[in-house]
Each structure stands twice: as C-alpha cells, then as structure tokens.
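Below you'll find the structure, written out as structure tokens, and then a few comments.
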Number of protein chains: 2
Amino acid sequence: MKLETVDIRQAASAADIVYESLRKAIIEGELAEGENLRQDQIASMFNTSRIPVREALSRLEQNGLITTERYKGAVVAGLSIEEIEEIFEFRALVEAEVIRLAVPKMNARTLDIARRHCEEFGGEPNSAKWGEINRNFHYSLYEAARRPYYLQIVRVSLDRIDRYLRAQLTLTDGMNRAWREHQGILDACIGGDADRAAELTRDHILGAGRALIVFLEETRAHGD
Amino acid sequence: MKLETVDIRQAASAADIVYESLRKAIIEGELAEGENLRQDQIASMFNTSRIPVREALSRLEQNGLITTERYKGAVVAGLSIEEIEEIFEFRALVEAEVIRLAVPKMNARTLDIARRHCEEFGGEPNSAKWGEINRNFHYSLYEAARRPYYLQIVRVSLDRIDRYLRAQLTLTDGMNRAWREHQGILDACIGGDADRAAELTRDHILGAGRALIVFLEETRAHGD
DNA sequence: CATAGAAAAGTCGGATCCAATATACAATCT
DNA sequence: AGATTGTATATTGGATCCGACTTTTCTATG
C-alpha cells in the first residue's frame, strides 16, 4: 500500500507562532513604533506561558524589530532618518546585485509569474495587500538567482522598513510610480539585459528611499 | 561630594554570557562542526538553568551558527561548498562597498591604527590570534564608513566562515599572501583611492574564498 | 541467533514558581 | 509646597517541574 505521507511534525513550536504573528504585526504597522510589548499580555493572547513569548521576543530583537532593556521590557523599534537611509542604500546595493545574478537564469515560467505579480500590483489600491504584492514581485525575480543567503538578508532588511514604505506609498502617490518602475525592471529581465535590470532596481530602491525620507522629514517635523 | 560613578547594572544577562561564549567557541573552531550541544550540559557548565541556554541557542540559530531540531537538539552548523561560495561572494560585494564609502572619511588616526594592526599581522604566526587580528585590521578601516547596519551584517557573515578561513590559512601558506594584500589595501586607503581600495578588497576576499574552496574540496574528498 | 516489540532513559518544549529590578505612589521632613 | 525616602505593585529573568517525543536497550519469540 502506498500512502501520500505528510510530515506531521511540522510542529511549529509555540515560539514560532508567536514570533511570526508579532513579526507580521510589526511590519504591517499594527503595532506602532515605541509601543510596549508585555510578556504576560502577549502570553495570554496566545493562550500560552511567557516562555515561548520570551523566545520570540529574543528573535525579534536579533532581527532589529524590537529593542529590549533588562527588567524594562520590549518596545517596537523605531528607525532614525540616518538608519533608514543606510538600509535603503544597502538594499540598493544588494538587490541590484541579486537581480543581475538572476537575469541569466530566468526562464519563461519565472517571467510569467513575475508579470502576473506586476499586473496584480497595478489594480490593487489596498495598502494592506500592497506590501505582500510588492514583495512577491521582487522575490519572484530574485528567486532565480538561487542565492538563499542573499535573499535571507534582503528579507530581514525589508522587514525593518516595510512599515514606513507602506505609509509613504499610500499617503503620497508613490504607487503609480512604483508600478511603472516595476514594469521597466520586468522588461529588462524579459530582454535579458542584466545590467539594465540591476541599474533600474538600484534606482527604484534609491528613489523610493529618497521619497520616504522627504515624507518622514515633513511628518516628523510637524509632530506626527 | 563627587564620586567616581560606576554602572552597577551588569547589563549582561545569563543568556548574553552563554551566547557570547558559545559564539566564540564556534567561530574559533573549539566546537567542531556537527557536534551536539546538550542544553543541560551547557547549563551545568555555566552554573545556570536551561532557560538562558535555550535563549542563547535560539539566537545562535538565528545567526546560522547552529541548527536545531525539535526533541533532537542543536548541532554546530556546517556549510556546504555552495554556501561558502555564496557567503564569500556576498562579503566581496558588501565589504568592497563599505571600504569605498570609508576611504573619503578616513583620517590620520584611523590609518595609523590600521597600519599597526597590519604590522601586527605580519609578525604573528599564532593561528588562534590570527582571526582577531584580521578582524581588527578590516574593521579599523570599515569603521570610518560610519555604516553600523552594513558592519553588523559583515560581522554575522564573517562569523559563519571564520572557522574555515582560519583552518585554511594555517594549513596552507595563505597568511603571507593575506598580509601582502592587506598592505596593498592600506596603501590605497592612505593614497585616498577609494575605487582601488574597493577593488583590492574585493579581490582579497574572492581570492581567499577560492583558495578556501580548493582546500576544502581536497580535504573533504579524502575523508576529513 | 536474529528481530520485533516493549520498556527505560535521555532530551526538549512549555508551565509554574521564585527572585531581582523598576516604577508609581504615599509618607515624611525641611 | 517641594523634595526625599520608604513601600507597594508590576514586570522581567531565572529555577524547577512536567508532559511529549526520540533513541536506546532489553526481552521475548520465531
């Protein structure tokens, strides 16, 4: 007898679940910058003890999403203008290289998936979904590079600024511009022009970063 | 009355201490690849309970130094040839950029410190100290870039391959070559030639990576 | 003697309990 | 009244205990 076996031990630990939930809540902006995270409170939300919560918080701190102070607790991390600039500069460097490495390895299927994500992006005015769609588009192209180490770092970098990006894109009219630039990047990939795809990706990220900085300097100057 | 004030809050938790100790032991190769890490064994070593140990292990896993499996425990992570290649490629990209950004900001003091680290490197045949000296040299130059985010990522990347690097450099004669290349990089920095410093750094890292791969393919092929 | 199955030991993840520290607030003194 | 000190509460970090799962060992049986 042959059975379709399923690995029942997906056994995501409680800590995994808490970690993923909090990560999602932070990058989507549900938990505001500076907000306190009480271990007890989180534990009761998830019907668990504080132990897995502490492990989750420890991981979040490693990834820069929260800061903790001994005997004081955890707060959602905010980023200074300088830190945001640095992260965008870094992303521009790394993601441009990733897509340069990816283009020669792309096949029709990759490009087709990316094209669908790109179109999806155009017709979607919902900001909550925007972040996911944006990620899907970029990652669908990056995957072809077969560079898991790069991608993991890109993911962590993006996590830290996703929240700000979304705010800026929905409040200003950055989404149309982002869409056009995505189309340009996709065209370069289809044409097999790795250098051009890299250059456009770099400009796309740096441009978004500059727009975000301008936006933040305005809002932060006028007190929220 | 004036007192010499001392911060009595020894800000290091037990988990911090365990984490740093294990990290050091792993990157210095004292804990061999594949070695099992038992929680209560480590706990008794540090005269503590398993709780801080678990937190330390969780952080080590986030940084890729160990892998854990539910109910089975943690083992020191090994890297495949492909993973090592990818990390070197990544380091070459990022560290070249960091030094390019750093050169225009270097002052006499920075260069003097770097020069001393470089000389120290030449006269030191002890492999245990080599890793530290190598790091000091590179970081003393990188610091000038004032890019904490880049540097943190460089640090984590280096942690993962430090062990292999050291093995290769002591068993083959890579140290003299590394020393010469360090001198070249330092000269470019002194001359204020950012592009040249970046190019040399890139070559330095990629060259070390290639040498390491050759070394590993030999040793791994012939069983240990 | 080999092997399947049961029992025992070892290990990990999570719950609960205790200690250390911080914060808020009331009491006291000038 | 204002500042300072003591106290009560809240919160975190660590220890111990318990249940789940894996691995190993032992035993019984063909």
Side-chain angles (χ1 to χ4, degrees), chain A residues 1 5-23 25-26 31-77, chain B residues 1-3 5-23 25-26 31-77:
Chain A
M1 179 175 63
T5 59
V6 173
D7 191 353
I8 204 77
R9 307 179 311 250
Q10 304 177 1
S13 67
D16 292 335
I17 295 169
V18 175
Y19 171 77
E20 274 305 326
S21 301
L22 289 179
R23 170 180 169 271
I26 291 172
L31 291 170
E33 171 182 332
E35 191 160 341
N36 268 353
L37 301 176
R38 301 282 168 219
Q39 296 179 358
D40 265 329
Q41 180 188 347
I42 297 168
S44 60
M45 279 182 193
F46 288 90
N47 284 321
T48 179
S49 79
R50 281 167 46 223
I51 296 285
V53 174
R54 278 151 67 172
E55 192 178 323
L57 292 177
S58 170
R59 287 190 222 170
L60 289 168
E61 189 181 19
Q62 285 278 307
N63 287 346
L65 293 179
I66 64 174
T67 61
T68 68
E69 211 169 337
R70 199 169 154 84
Y71 297 115
K72 284 193 179 175
V75 297
V76 178
Chain B
M1 179 177 65
K2 267 198 169 180
L3 280 181
T5 61
V6 174
D7 192 352
I8 205 78
R9 303 185 310 264
Q10 308 159 5
S13 66
D16 292 334
I17 295 170
V18 175
Y19 171 76
E20 275 305 326
S21 301
L22 289 179
R23 169 180 168 270
I26 292 173
L31 292 170
E33 171 180 332
E35 190 160 341
N36 270 351
L37 301 176
R38 301 285 168 217
Q39 293 180 358
D40 42 18
Q41 178 188 347
I42 297 168
S44 60
M45 278 182 193
F46 288 88
N47 283 321
T48 180
S49 79
R50 279 170 46 223
I51 296 285
V53 175
R54 277 151 69 171
E55 192 178 322
L57 292 177
S58 169
R59 287 190 221 169
L60 289 168
E61 188 180 21
Q62 285 278 306
N63 288 346
L65 294 180
I66 64 172
T67 62
T68 68
E69 210 168 339
R70 205 173 153 87
Y71 300 117
K72 286 193 179 175
V75 296
V76 178

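Reminder, nothing fancy here: chain letters follow the sequence lines and each chain counts from 1. Worth knowing before you read on, the calculation uses all heavy atoms, side chains too, and leaves out hydrogens, waters and symmetry mates.
Salt-bridge formation is not detected for the pair B/Asp16/B/Arg23: no Lys NZ or Arg NE/NH1/NH2 atom is positioned less than 4.0 Å from an Asp or Glu carboxylate oxygen.
OP1 or OP2 of D/dT23 sits under 4.0 Å from a side-chain N or O of B/Lys72.
Separating the CG atom of B/Leu37 from the P atom of C/dG13 is a distance of 12 Å, rounded to the nearest angstrom. Going from atom CZ of A/Arg59 over to atom C1' of C/dG13 covers 12 Å, rounded to whole Å. Between the CD atom of B/Glu55 and the C1' atom of C/dG14 there is a distance of 15 Å, rounded to whole Å. If you measure from atom CD of B/Glu69 to atom P of C/dG13, you get 11 Å, rounded to the nearest angstrom. In this structure, A/Arg70 places its CZ atom 13 Å from C1' of D/dT11, rounding to the nearest Å. In this structure, A/Asp40 atom CG and C/dA15 atom P are separated by 13 Å, rounded to whole Å. As rounded to whole Å, 17 Å separates atom P of D/dG19 from atom CD1 of A/Ile51. Going from atom CZ of A/Phe46 over to atom C1' of C/dA15 covers 17 Å, rounded to whole Å.
Of all non-hydrogen atoms in B/Thr68 and B/Ala74, the two that sit nearest each other are CG2-CB, 3.6 Å.
The base of C/dG14 is not paired with the side chain of A/Arg50 by any donor and acceptor separated by under 3.5 Å.
Residue A/Ala15 places its side chain closer to C/dG14 than to any other of C/dG14, C/dT11, D/dG14. Residue B/Tyr71 has its side chain nearest to D/dG19 when only D/dT16, D/dG19, D/dT11 are considered. Here the side chain of B/Gln39 is nearest to one of C/dT23, C/dG13, D/dG14, namely C/dG13. With C/dG14, C/dT11, D/dG14 as the candidates, the nucleotide lying closest to the side chain of A/Thr48 is C/dG14.
Nearest-nucleotide assignment on DNA chain C puts the 5′-proximal partner with B/Gly73, out of A/Pro52 and B/Gly73.
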Discussion item. Walk me through whether B/Leu22 and B/Leu57 qualify under side-chain contact (heavy atoms from CB on, under 4.5 Å).
Written reply: CA-CA 9 Å; B/Leu22 289 179; B/Leu57 292 177; 4.1 Å; yes
Worksheet entry | Stepwise side-chain contact (heavy atoms from CB on, under 4.5 Å) test for B/Asn36 and B/Gln41 | CA-CA 10 Å; B/Asn36 270 351; B/Gln41 178 188 347; over 6 Å; no
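B/Arg38 comes within 4.0 angstrom of the backbone, heavy atoms only, and of no base.
At distances below 3.5 Å, at least one donor-acceptor pair connects side-chain atoms of B/Ser44 with backbone N or O atoms of B/Asp40.
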